[in-house]
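Okay, structure first, notes after.
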Amino acid sequence: MSGTLVVVGSANADLVVEVARRPAAGETVLGGDTRVVPGGKGANTAVAAARSGGLVRFIGAVGQDAHGDVVLASLTEAGVDVSGVRRVARPTGVAYIAVTPDGENSIIVSPGANGDLLPADVRLDGARVVVASLEVPVPVVEHAVLAAGQAGVRAVVNLSPVAVLSPQVFALLDPLVVNEHEAAGLGNLLALGVRSAVVTRGALGADVITAEGTTTVPAPKVDVVDTTGAGDAFTGALAVELANGESLVDAVRVAVKVASLSVTLPGAQPTYPTQARTNRSASSRP
């Protein structure tokens, strides 16, 4: 039975430009035409989860501008409940993304309206899992996790960008999700007090870390076009599987497939794989 997933996080307009290489300090390089696409770690996660078959409610803040319209339209088209999105006077958040030919990216985020999200905006009624990321104020994330703990709701946090959370919050995370670069700076993840952790490793897949040990889930080989939002696709698919009652390792297996498919097309939200596409991809391999 499908469980309701609540995503608390950022919503941005992504301004994406392809470049031959990243500029050095003080250097100017020419890029391709700018594409404006819906993004933000929170909104990306919500769309990926909905396209993976989840029942998803998104809690966030956008401006009363054209970028806010783009974000809300993408969420709604994916089937996400946007009743928890508040429109504020500040401009919608913007991410400036440079993509190189190898599919890797560099990102600068201007939070804008995301900074106006409040703990009081968080609503967890009917949720089985809440997932949050750190492009919104830390007090909002901490409130969401603590409220989840009181309500018996499973809490997942993608600690990106890395921020310091209270020991009480870390103790409720099942799992903490970080990429390999973030994990390297955090040291022993279980020592933070989390119940479990997942480390994403790009083309190498992901590691599931629990008190019983570490399980590595490999990723399928794909032709990489654009890695923008791949981590968010992973987190969204992971949270859906957990909301549906799957084990953490089995949920990561699905999430790795979804993230791998997400990098085979340019952009993030519009090209996230549907549940049907993920299933077809899995069944087509020997």
message = I'd like to know whether Gln150 forms a side chain to side chain contact (heavy atoms under 4.5 Å, CB included) with Leu146, so could you lay out the CA-CA distance, the side-chain angles of the two residues, the decisive distance to 0.1 Å, and finally the verdict.
response = CA-CA 6 Å; Gln150 293 176 349; Leu146 293 173; 5.5 Å; no

Stepwise side chain to side chain contact (heavy atoms under 4.5 Å, CB included) test for Val131 and Val8 = CA-CA 6 Å; Val131 57; Val8 180; over 6 Å; no

ask   = Taking it one step at a time, do Thr100 and Val19 satisfy side chain to side chain contact (heavy atoms under 4.5 Å, CB included)?
value = CA-CA 5 Å; Thr100 48; Val19 294; 4.0 Å; yes

Identified side-chain hydrogen bond (donor to acceptor under 3.5 Å, both in side chains) partner of Arg87 from the options Thr92, Asp69, Asp65 = Asp69

message = Any side-chain to backbone donor/acceptor pair from Thr235 onto Asp232? Under 3.5 Å, distance only.
response = no

key: Check: Val156 and Pro175 side chains under 4.5 Å, non-hydrogen atoms   = yes

ask   = Gly126 and Thr4: which non-hydrogen atoms are nearest, and at how many Å?
value = O-CB, 3.3 Å

query = What do you reckon, is CG of Asn188 surrounded by more than 12 foreign heavy atoms closer than 6.0 Å?
reply = yes

query = Do Arg51 and Thr274 have side-chain N/O donor and acceptor atoms under 3.5 Å apart?
reply = no

query = With the 4.5 Å side-chain cut-off for hydrophobic clustering, are Leu248 and Phe234 part of the same group?
reply = yes

inquiry  = Taking the side chain as everything from C-beta on, heavy atoms only, tell me whether Val224 gets closer than 4.5 Å to Asp102.
reply    = no

ask   = Does any N or O in the side chain of Tyr272 come within less than 3.5 Å of the main-chain N or O of Ala50, such that one atom is a donor and the other an acceptor?
value = no

remark   = dist Leu72:CG -> Phe58:CZ (nearest 0.5 Å) comes out at 9.0 Å

ask   = With a 4.5 Å limit on heavy-atom distance, are the side chains of Val62 and Val85 in contact?
value = yes

request  = Name all residues meeting the side chain to side chain contact (heavy atoms under 4.5 Å, CB included) criterion together with Arg35; count only those two or more places apart in sequence or in a different chain, and write none if there are none.
outcome  = Val16, Glu18, Val37, Asp226, Pro266

query = Does Glu135 use its side chain to pair, donor to acceptor, with the backbone of Lys41 at less than 3.5 Å?
reply = yes

request  = Mind checking salt bridge (charged side-chain N to carboxylate O under 4.0 Å, His left out) for Asp125 and listing every partner two or more places apart, or none if nothing turns up?
outcome  = Arg57, Arg123

inquiry  = If you define the side chain from C-beta out and look only at heavy atoms, does anything of Pro220 sit under 4.5 Å from Ser260?
reply    = yes

inquiry  = So Arg21 and Glu27, do their side chains get closer than 4.5 Å, heavy atoms only?
reply    = yes

Atom of Leu5, atom of Ala49 and distance for their closest heavy-atom approach = CD2-CB, 3.5 Å

ask   = Going only through I, L, V, M, F, W and Y residues with side-chain contacts under 4.5 Å, is there a path from Val80 to Leu117?
value = no

request  = Can you see which heavy atom on Ala219 is nearest to which on Gly202, and at what distance?
outcome  = CB-O, 4.1 Å

key: From Phe170 atom CZ to Leu190 atom CG, the distance as rounded to the nearest 0.5 Å   = 12.0 Å

Polar side-chain atom of Arg154 near backbone of Asp174 as donor-acceptor pair, under 3.5 Å = yes

ask   = In the single-linkage hydrophobic clustering (I, L, V, M, F, W, Y; side-chain heavy atoms under 4.5 Å), do Ile107 and Val99 co-cluster?
value = yes

ask   = Would you say Glu77 has more than 12 foreign heavy atoms packed within less than 6.0 Å of its CD?
value = no

request  = Indicate whether any N or O donor in one side chain lies under 3.5 Å from an N or O acceptor in the other, for Thr264 and Asp223.
outcome  = no

remark   = In terms of heavy-atom contacts, Ser133 and Val141 come closest through O-CG2, 3.4 Å

remark   = In terms of heavy-atom contacts, Tyr96 and Ser110 come closest through CE1-CB, 4.3 Å

task = Please round to the nearest 0.5 Å and tell me the distance separating atom CG of Leu189 and atom CG of Leu159.
result = 9.5 Å

inquiry  = Taking Val178 as the starting point, is it possible to reach Leu204 by hopping between hydrophobic residues whose side chains are less than 4.5 Å apart?
reply    = no

key: Thr200 side chain to Asn179 side chain, donor-acceptor N/O pair below 3.5 angstrom   = no

message = Between Leu15 and Val94, is there a side-chain heavy-atom distance shorter than 4.5 Å?
response = yes

Euclidean distance, Ile97 CD1 relative to Asn105 CG, rounded to 0.5 Å = 6.5 Å

query = Taking atom types as modelled, is there a side-chain donor on Ser74 or Gln269 under 3.5 Å from an acceptor on the other?
reply = yes

task = Could you walk me through whether Val7 and Ile59 pass side chain to side chain contact (heavy atoms under 4.5 Å, CB included), step by step?
result = CA-CA 6 Å; Val7 178; Ile59 295 173; over 6 Å; no

task = May I ask you to test the Lys257-Thr278 pair for a side-chain heavy-atom distance under 4.5 Å?
result = yes

key: hydrophobic_cluster_shared for Val136 and Leu176, side chain cutoff 4.5 Å   = yes

query = Is there a side-chain contact between Leu118 and His143 (heavy atoms, below 4.5 Å)?
reply = no

remark   = Between the CG atom in Asp81 and the CG atom in Leu55, the distance rounded to the nearest 0.5 Å is 10.0 Å

query = Do Asp207 and Thr214 pass the side chain to side chain donor-acceptor pair (under 3.5 Å) test, and can you show the C-alpha distance, the side-chain angles, and the key distance before you say yes or no?
reply = CA-CA 6 Å; Asp207 291 340; Thr214 299; over 6 Å; no

inquiry  = Measuring from atom CG of Leu134 to atom OG of Ser10, what distance do you get when rounded to the nearest 0.5 angstrom?
reply    = 10.0 Å

ask   = For Thr210 and Glu212, what are the C-alpha separation, side-chain angles and deciding distance, and is it a side chain to side chain donor-acceptor pair (under 3.5 Å)?
value = CA-CA 5 Å; Thr210 67; Glu212 287 70 43; 3.2 Å; yes

key: Between Asn158 and Ser160, a side-chain donor and acceptor under 3.5 Å   = no

query = What is the minimum heavy-atom distance between Val71 and Asn12, and which atoms define it?
reply = CG2-O, 3.3 Å

ask   = Taking the side chain from Asn114 and the backbone from Ala11, do they hold a donor-acceptor pair closer than 3.5 Å?
value = yes

key: Arg195 side-chain N/O to Ala171 backbone N/O, donor-acceptor pair under 3.5 Å   = yes

